[in-house]
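Here is the structure we will look at, set down as structure tokens.
Each ligand, and each atom within it, is numbered from 1 in the order the structure gives. Numbers here are sequence positions counted from 1. On a predicted model such as this, the values are computed, not experimentally measured, just so you know.
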Amino acid sequence: MRAPAILFLLCSIAGAAAVDTCVTCHAALEEGAKGPATLIKGDVHTAHGLSCADCHGGDRTTDDQDASMNRAKGFLGKPARTAIPKFCARCHSNPDIMRQYAPRERVDQFELYQTSVHGKRLASGDGNVATCIDCHSVHDIRAVKDGMSPVHPLHVAETCSRCHSDKEKMAPYGIPTNQFEEYRSSVHWEALAKRGDLSAPSCASCHGNHGAKPPQVESVSAVCGTCHVLFAQLYDRSVHKAVFSGVGGGGGCIVCHSNHGIHQPSTAMLAGPKAVCAGCHDAETSPAKTAVEMGAWLDGLDGALKNSETVLARAEEYGMEVSEAQLRLIDGRENLVKARLAMHSMVSGEMRKPVEAGMAVAAETLKAGQAALREKDIRRWGLAVSVILIAIAILAIRGLIRRIESGPTAMTASGEKTL
Ligand code: HEC
Ligand code: HEC
Ligand code: HEC
Ligand code: HEC
Ligand code: HEC
Ligand code: HEC
Ligand code: HEC
Ligand code: HEC
Ligand code: HEC
């Protein structure tokens, strides 16, 4: 307690003006209790002029420990774990307070939190679940857009996985603990973390930040459609919409794509040993045949476009001008994308239009590539012939020179005659 004593002395010399005694005294304490006063420097609340007493209550103008932290005068101390959401909600659910600082800030975090599995379990006394500070940290709370925030899109997955990948902690609930591991192998993690595409989902995009599910979604399994709108429209009018409801938990896209470990789709999902369709449709049944047919169309178009691509690339290597055909190939690729999309209707007929349009592009660009290669051959022949002609001319001139050099008599004798 020697340090605080010195501090009190300093404080009294400086006078009471604008000194926050909670901060000054705590900053001088031993490790542990000193922590908050050090951490708080980077906290978003500090940046808005809020301090210890705004959260914990107490009197920040007196340097007397007992008077400062007097429970009778409203000091709250350290909140119990189950009381934390309400502790934060004192401000965050109060539009009158929040509007003074951030006019457009939401004030529904606590209300939504109470609808989540976390909130419900906490209300029943289970302290294992996430409270506000497990996701946002404490004394070092950052604005969401701050790259150091644990709920910044690039960090959310790690924050959730602190508990959800902890087998011991999750054991009482009997739910899987592989979400982070699976998610890290997915196309979404690839897009978000490796390509920096912030439109790709992290845990909270699909599960909601505070509530049980994101807005405009009747169940988490319907969340894919908030981003993949066109796929969802086709799926919704497909034969599977009704029969998948409830399959594998939530039904929907995740029956074929899974939820956390979504990998790059390919026609291997339609036909062959890894086909997802085969899980429900026996070979030789009509849906299985449809699956094989759809796979063959997609592979056929993909193969045809790749073939054109190769031929055009070869022509380009020889210096032929094929940029127009190469540009046209982009249309072909777009048709392949459209065909993959149309496949989600589960009606092979709906794929016909984009497949045929794509095939037409493939045929047309192949023709352009082959024509360019033929043209190259013709030019080569032309070149070869002119090389030969030039060689003959050189030989003839050499012969002539040699004759000239062989003697002046020969020169006048033959030279004058020919001229
Ligand atoms: C003169 C020094 C001093 C001042 C001023 C002071 N504290 Fe403390 N505070 C302490 C010490 C020492 C402890 C740890 C010992 C204890 O629990 O009493 C502590 C503990 C705490 C705790 C943890 C209590 C718990 O319930 O576990 C909180 C929260 C706290 N202080 C907040 C504040 C706030 C807010 C203010 C200003 C209104 C403040 N302190 C002012 C010295 C001080
Ligand atoms: C945004 C609200 C908020 C602010 C501002 C805040 N605290 Fe806290 N503080 C909390 C919460 C919530 C806890 C409970 C943490 C827990 O359960 O682990 C806590 C816990 C504590 C504790 C208990 C020891 C610990 O670390 O668990 C101390 C001491 C403390 N705060 C001191 C301070 C001091 C000193 C300041 C100002 C420098 C301060 N707090 C500012 C919310 C706040
Ligand atoms: C399960 C983790 C989790 C819990 C629990 C949690 N939050 Fe959040 N919070 C988030 C995420 C994730 C975001 C948003 C990140 C984004 O927008 O990209 C967020 C955003 C916020 C924001 C910014 C405004 C907004 O609503 O988007 C505030 C304020 C906030 N949380 C306060 C709270 C409070 C108060 C509690 C407790 C009642 C709480 N949070 C509980 C994860 C959590
Ligand atoms: C004394 C009122 C008050 C209390 C109590 C309080 N906050 Fe805040 N909080 C604010 C204000 C004011 C802001 C700044 C305005 C804003 O950005 O929302 C803020 C900002 C935030 C932000 C940043 C939001 C953003 O813009 O990205 C988060 C996250 C947050 N608080 C979480 C918490 C948590 C968690 C607790 C409880 C431990 C808590 N707050 C307690 C008033 C409070
Ligand atoms: C402090 C630990 C902790 C953190 C951090 C945490 N959770 Fe949880 N979560 C739990 C516990 C414990 C449960 C209860 C499990 C249950 O009831 O099945 C749970 C339940 C859930 C459930 C419901 C599971 C079910 O039963 O269907 C979802 C979804 C969930 N959490 C998502 C998240 C997301 C997303 C994040 C990060 C934004 C997160 N959690 C952060 C501990 C945590
Ligand atoms: C692309 C969307 C998406 C992302 C990203 C996502 N989830 Fe899920 N998650 C789901 C869906 C859909 C379900 C199944 C819900 C149902 O059955 O109703 C689910 C289920 C869960 C469950 C329940 C237990 C289980 O495994 O079935 C937990 C816990 C969970 N997710 C946590 C997480 C965590 C942690 C992350 C981040 C590492 C995450 N999720 C990322 C969509 C997603
Ligand atoms: C928050 C928006 C968002 C949500 C929600 C979402 N995705 Fe995605 N998804 C993306 C983005 C962004 C990409 C990356 C696109 C790219 O690679 O160009 C992507 C990529 C994909 C891909 C790979 C596509 C490709 O062409 O490489 C599949 C498959 C996929 N998502 C399926 C799903 C499923 C199934 C769900 C629901 C469980 C879902 N997504 C939820 C945004 C989302
Ligand atoms: C009946 C199984 C099934 C269902 C249900 C399903 N898909 Fe697919 N999906 C596939 C198959 C098979 C492919 C692979 C096509 C290919 O690349 O050859 C695919 C491919 C995709 C692609 C990649 C397209 C591309 O251009 O590479 C996305 C994105 C996608 N699906 C999203 C969704 C979304 C979102 C839903 C739900 C609204 C959904 N899928 C439902 C089977 C399904
Ligand atoms: C979870 C099981 C399941 C999976 C996986 C599944 N289906 Fe189905 N499918 C059904 C059920 C059930 C029906 C409706 C009953 C029926 O006609 O067999 C159906 C119907 C169909 C139909 C309409 C049948 C008709 O003759 O009108 C087609 C086409 C179809 N599925 C194609 C596919 C394709 C392609 C895949 C893989 C990309 C696939 N299915 C994956 C369960 C599944």
Determine whether any heavy atom of Gly35 lies closer than 4.0 Å to an atom of ligand 2. no

Is any N, O or S atom of Met69 under 2.8 Å away from atom 8 (Fe) of ligand 1? yes

Looking only at distances, can you tell me whether any N or O atom of Asn178, backbone or side chain, sits closer than 3.5 Å to an N or O atom of ligand 6? no

Could you tell me, atom by atom, which parts of ligand 1 come under 4.0 Å of a heavy atom of Gly58? 38 (C)

Enumerate the atoms of ligand 2 whose separation from the nearest heavy atom of Ile84 is less than 4.0 angstrom. 17 (O)

Closest to atom 22 (C) of ligand 6 among Arg184, Arg162, Lys213, Gln179 (heavy-atom distance): Gln179

Is Lys78 in contact with ligand 2, taking contact as a heavy-atom separation below 4.0 Å? yes

Ligand 1 atoms nearer than 4.0 angstrom to some heavy atom of Arg71 are 26 (O)

Proximal candidate to atom 3 (C) of ligand 6 [heavy atom criterion; set Pro214, Cys206, Gly252]: Cys206

Write out the residue and atom name of the closest protein heavy atom to atom 34 (C) of ligand 6, then the distance separating them to 0.1 Å. Cys203 SG, 3.6 Å

Please check if any side-chain donor atom of Thr61 sits under 3.5 Å from a side-chain acceptor atom of Asp59, or the reverse. yes

Below 4.0 angstrom, counting only protein heavy atoms, does anything approach atom 15 (C) of ligand 2? yes

Using a 4.0 Å cutoff against the non-hydrogen atoms of Leu29, which atoms of ligand 1 qualify? 10 (C), 11 (C), 12 (C), 42 (C)

Below 4.0 Å from any atom of ligand 6, is there a heavy atom belonging to Ser161? no

May I ask you to check whether Cys52 brings an N, O or S atom to under 2.8 Å from atom 8 (Fe) of ligand 2? no

Please state whether Asp54 comes within less than 4.0 angstrom of ligand 2, counting heavy atoms only. no

Does ligand 6 have any atom that is closer than 4.0 Å to a heavy atom of Ser205? no

Polar-atom distance check: His45 versus ligand 2, any N or O pair below 3.5 Å? no

Run the contact test for Ser221 against ligand 6 with a 4.0 Å cut-off on heavy atoms, strictly below, and give the result. yes

Any heavy atom of Leu50 sitting closer than 4.0 Å to ligand 2? no

Do any N/O atoms on His139 end up under 3.5 angstrom from N/O atoms on ligand 2? yes

The NE2(His260)-atom 8 (Fe) of ligand 6-NE2(His207) angle, to 10°, is 180°

